[in-house]
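Both backbone and side-chain heavy atoms feed into the values below; hydrogens, waters and symmetry mates do not. Order of listing sets the numbers, starting from 1, for every ligand and every atom in it. Not measured: the values here are computed from a predicted model.
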Amino acid sequence: VILAVILGLILWPDSLQEKIKKRCETYLEKHGLPSQNDCEKIWDSFRQAFVEKDPCEVPPDAYDSLIHTVSQVSQEPTCNRMMFWSKTKEKVHEFAKKCSYVTLEDFLLGFLLDNLTWCGKSGSQETFTTGCPSWSDCVNNPVRSFWIQASAAFAASACGDAFVMLDGAIDMPYNPDSTFASVEVKHFNSSIMKSLTVLLVTKEGDTKTCESDESLKHLQTDLGSNLKYQCKVVPQSQLQTCIVD
Ligand code: ZNA
């Protein structure tokens, strides 16, 4: 029995580990940077961020080592094509792909962990994908802390003209509680970034304008005077084309 358990542990892949390593290899191959070794290194620094910790006590900076490791392996930021988003996850990735913009999820760091849930447990070496705290259960949960730190790093690297896709069909397209407002905007670096253009996606026939939206005034204020602000209304059907001017 003991032997069977040991054999089981060796042969039964840690599903999270397998998934992330597979994603890592796929990504590096696609970008012409294949290396088994790097994916092993990346898994190790990911793991150490939350394994053996109470899943409500993983602060954002636990991922600094992962972010450092990934930045050594991966590609440079793509100036003038970077796209942020808030409440537009489905739409933005389709549009970005079609029109060659790059979101956090198109970079290795975001690609590895998009749509995954993970956590550890104090006193255990295991990784879990179920029974983990959800986004608002506790502030310092492994998933939320990861996205905060990844978003901060992504925003800090934004250069040239950047874009953000916001949902014009909701009350507060620019919501102060969103990761975009509370983390990303605060990390923009005006010595490398020139402008931010809002693509405000509206429903067909909606008369909403950039100027009529109160929340966007706060975005302009938050950007300060060193970053140029622009805004374009994009009716949803126009997302099929790549013309946003
Ligand atoms: N790929 C991601 O899951 C992700 C990406 C998660 C969080 C942040 N990001 C960054 S920040 C990305 O680069 C975007 O530019 C920014 C989007 O974050 P946001 O402004 O907070 O937008 P959002 O639509 O409110 O949330 C984005 C995603 O975060 C959601 O799809 C959820 O997966 C998760 N999330 C955020 N708030 C909650 C939440 N899940 C559960 N409850 C919440 N209250």
Side-chain angles (χ1 to χ4, degrees), residues 16 19-20 23-24 27 46 49-50 55-56 58-63 66-67 70-71 74-75 77-78 81-97 99 101-119 129-159 161-189 193 195-201 213 215-216 218-219 222-223 227 231 239:
L16 183 66
K19 209 177 251 171
I20 289 175
R23 284 189 184 190
C24 178
Y27 187 96
F46 171 63
F50 64 94
C56 280
V58 177
D61 68 12
Y63 291 97
L66 171 68
I67 290 171
V70 169
S71 74
S74 190
Q75 80 279 41
T78 313
R81 300 311 289 171
M82 289 168 83
M83 185 165 283
F84 300 88
W85 53 271
S86 192
K87 305 287 183 291
T88 52
K89 190 170 184 185
E90 298 299 312
K91 293 183 194 84
V92 75
H93 292 122
E94 202 186 314
F95 179 76
K97 193 171 177 194
C99 307
Y101 289 93
V102 282
T103 65
L104 173 55
E105 295 73 27
D106 298 308
F107 281 93
L108 180 55
L109 190 61
F111 183 85
L112 288 176
L113 294 156
D114 197 22
N115 299 323
L116 297 183
T117 301
W118 64 90
C119 64
T129 53
T130 55
C132 298
S134 63
W135 194 268
S136 29
D137 281 347
C138 51
V139 178
N140 282 336
N141 75 65
V143 175
R144 181 178 176 146
S145 289
F146 167 78
W147 288 109
I148 287 175
Q149 211 70 343
S151 301
F154 181 59
S157 77
C159 42
D161 300 313
F163 299 82
V164 62
M165 187 179 283
L166 300 180
D167 185 352
I170 57 178
D171 266 350
M172 254 199 279
Y174 182 68
N175 185 327
D177 298 328
S178 67
T179 314
F180 175 64
S182 67
V183 179
E184 293 183 319
V185 169
K186 293 196 166 76
H187 283 84
F188 288 156
N189 176 353
M193 181 171 152
S195 72
L196 179 74
T197 300
V198 173
L199 306 182
L200 189 65
V201 180
D213 187 281
S215 77
L216 292 178
H218 297 288
L219 172 55
D222 292 351
L223 283 178
L227 286 174
C231 179
L239 290 177

Practice problem: Establish, yes or no, whether a centroid distance under 6.0 Å links the rings of Phe84 and Phe154. | Solution: yes
Practice problem: Scan side-chain atoms only and decide if Asp167 and Thr88 contain a donor-acceptor pair under the 3.5 Å cut-off. | Solution: no
Practice problem: Might you confirm whether atom NZ of Lys97 has over 12 heavy atoms from other residues, nucleotides or ligands at distances under 6.0 Å? | Solution: no
Exercise. Mind jotting down which protein residues get a heavy-atom contact under 4.0 Å with ligand 1? Chain and number order, please.
Key: Phe84, Trp85, Ser86, Lys87, Lys89, Leu104, Glu105, Asp114, Trp135, Trp147, Ser151, Ser178, Thr179, Phe180, Glu184
Quiz item: Got a donor-acceptor contact below 3.5 angstrom from the Tyr27 side chain to the Leu108 backbone?
Solution: yes
Quiz item: What's the spacing between Thr179 OG1 and Trp85 CH2 if we round to 0.5 Å?
Solution: 7.5 Å
Exercise. Mind checking side chain to side chain donor-acceptor pair (under 3.5 Å) for Asn140 and listing every partner two or more places apart, or none if nothing turns up?
Key: none
